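No experiment lies behind these values; they were computed from the predicted model shown.
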Amino acid sequence: MYAVVTLFVFMCLTATTHADHHQPCHSLNMTGVLSVTSCNGQTRAVGGYAYDSTAKKLRFKANDTLGLNATLTFDVLMFFEEGVFYEIDGKNQSCEKKSLQSVHHALDLPDDAKLLTPLVLGSSSIEGEGFKLNLWTGTLPETKAHYAMSVTTGCLPVSVLYLTESASLLISNLNVETEIKDPDLLTLPSFCEGEALEETPEGTVHSFYNLFI
């Protein structure tokens, strides 16, 4: 199934689409759960998040307390406006500060995204049995990756398919509430203050998506 989805979206991304004048929307503040699966069926990460759409800040704790059989466990606080992120070790009260080479992520549409098509999950002819979405696509120049992002008509991100030459990810946005339930999650822990910025090794691209690859 994953191979079929990947092939289908890749064909959509490389096909010539009709011109349109739709502009990408931007999401609201959110709290929820992200599920990240590679397209060979391996669960890479599942965890809770808080996202501030105005300040462009994201906290994501992968597999912190969910007890699922996923391959990655980490805690990150990302400041997209500043172009930095922190890998946080709360148990040992330590952190690492790193630069972001790409600030794109799964909870907001890039400004240059192109509307591929509106679609309905379920039935459009039976009242209450259809879910309207818009499918947006594009390419991220920093990682040379293609993406297909589905969002609701109110601009709530539902899922992202992220494709590179060597990897593919399906990211699902679950149990969403359009509020920041715990603002402290988006505050830098005191033990991280004053942390020096680590040098990025040559050829390394730090980004939200690369956390899972």
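- Although no hydrogens or angles enter the test, the distance criterion places no donor-acceptor pair under 3.5 Å between the side chain of Asn29 and the main chain of Ile180.
- Side-chain contact between Thr200 and His206 is present, with heavy atoms from C-beta onward closer than 4.5 Å.
- Neither side chain, Thr143 nor Ser102, offers a donor N or O lying under 3.5 Å from an acceptor on the other.
- Remark: side-chain polar atoms of Ser123 are paired, donor with acceptor, to backbone N or O of Ser125 under 3.5 angstrom.
- Both Met149 and Val103 belong to a single network of hydrophobic side chains, linked directly or stepwise wherever heavy atoms of I, L, V, M, F, W or Y lie under 4.5 Å apart.
- Residue Thr137 holds its OG1 atom at 11.5 Å from CG of Leu161, rounded to the nearest 0.5 Å.
- A 4.5 Å side-chain heavy-atom check between Leu115 and Asn134 finds at least one atom pair inside the cut-off.
- Placement of Ile171 and Phe74 within a single hydrophobic cluster is found when ILVMFWY residues are connected by side-chain heavy-atom separations under 4.5 Å, directly or transitively.
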Open item on the list: Pair Tyr86, Leu188 - check side-chain contact (heavy atoms from CB on, under 4.5 Å), show working.
Closed with: CA-CA 9 Å; Tyr86 294 81; Leu188 188 67; 3.6 Å; yes
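- The CZ atom of Phe85 sits 8.5 Å away from atom OG of Ser207, with the distance rounded to the nearest 0.5 Å.
- Under a hydrophobic clustering in which Ile, Leu, Val, Met, Phe, Trp and Tyr are joined whenever their side-chain heavy atoms come within less than 4.5 Å, directly or via other members, Leu186 and Phe208 fall into different clusters.
- Minimum heavy-atom separation, Ser53 to Ser27: CB-O, 3.2 Å.
- The CZ atom of Phe212 sits 9.5 Å away from atom CZ of Arg44, with the distance rounded to the nearest 0.5 Å.
- Note that the CD atom of Glu87 and the OG atom of Ser94 stand 10.5 Å from one another [nearest 0.5 Å].
- Relative orientation of the Tyr209 and Tyr162 rings is parallel, given thresholds of 30° and 60° on the angle between their planes.
- Classification of the Phe80-His105 ring pair by plane angle, with boundaries at 30° and 60°, yields parallel.
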Task: Steps toward ring-ring contact (aromatic ring centres under 6.0 Å, His included) verdict (His104, Tyr147) - done: CA-CA 11 Å; His104 299 293; Tyr147 67 88; 7.5 Å; no
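- Residues Lys97 and Glu198 are not paired through a salt bridge, judged by the lack of any N-O separation under 4.0 Å between the basic side chain and the carboxylate.
- Put simply, CG on Leu116 and CG on Leu135 are 5.0 Å apart, with the number rounded to the nearest 0.5 Å.
- No hydrogens or angles considered: a donor-acceptor pair under 3.5 Å links the side chains of Asn40 and Ser38.
- Although no hydrogens or angles enter the test, the distance criterion places no donor-acceptor pair under 3.5 Å between the side chain of Asp108 and the main chain of His26.
- Side-chain heavy atoms closer than 4.5 Å link hydrophobic residues (I, L, V, M, F, W, Y) into clusters, and following such links, possibly through other members, connects Leu34 to Val176.
- Leu58 and Leu77 are members of different hydrophobic clusters when ILVMFWY side chains are connected at heavy-atom separations under 4.5 Å.
- Residues Glu202 and Thr204 have side chains that never bring a donor and an acceptor to within less than 3.5 angstrom of each other.
- The two residues Pro110 and Leu140 come nearest to each other via the heavy atoms CG-CD2, 4.3 Å.
- Remark: the Ser172 side chain and the Ser35 side chain contain no N/O donor-acceptor pair separated by less than 3.5 Å.
- Rounding to the nearest 0.5 angstrom, the gap separating the OG1 atom in Thr139 from the NZ atom in Lys114 is 11.0 Å.
- For the residue pair Asn173 and Tyr49, a side-chain donor N or O sits within less than 3.5 Å of a side-chain acceptor on the partner.
- Contact of the Val120 side chain with the Phe131 side chain is not registered, since no non-hydrogen atoms from C-beta on lie closer than 4.5 Å.
- Side-chain contact between Asp111 and Pro24 is absent, with no heavy atoms from C-beta onward closer than 4.5 Å.
- Here the rule is side chain to side chain donor-acceptor pair (under 3.5 Å) with Arg59, and of Thr187, Asp182, Asp75 only Asp75 fits it.
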Task: Criterion side-chain contact (heavy atoms from CB on, under 4.5 Å) on Leu133 and Val151, from CA distance to verdict - done: CA-CA 5 Å; Leu133 297 171; Val151 302; over 6 Å; no
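- In this structure, the side chains of Cys25 and Gln23 stay at 4.5 Å or more apart for every pair of heavy atoms.
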Task: Phe60/Tyr51 under side-chain contact (heavy atoms from CB on, under 4.5 Å): CA gap, chis, key distance, verdict - done: CA-CA 9 Å; Phe60 178 58; Tyr51 176 60; over 6 Å; no
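- The pair Lys181-Glu179 does not count as a salt bridge, with every side-chain nitrogen at least 4.0 angstrom from each carboxylate oxygen.
- In this structure the side chain of Met78 never reaches within 4.5 angstrom of the side chain of Lys57, judged on heavy atoms.
- Annotation: side chain of Pro157 is in contact with side chain of Met30 (closest heavy-atom distance under 4.5 Å).
- Counting only heavy atoms from C-beta outward, the side chains of Val84 and Lys98 never approach each other to under 4.5 Å.
- By the salt bridge (Lys or Arg N to Asp or Glu O under 4.0 Å) test, Asp52 is found to be paired with no residue, residues two or more places apart in sequence or in another chain being considered.
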Open item on the list: side-chain contact (heavy atoms from CB on, under 4.5 Å), that's the test. Do Leu28 and Leu156 meet it? Break it down for me.
Closed with: CA-CA 7 Å; Leu28 304 172; Leu156 184 72; over 6 Å; no
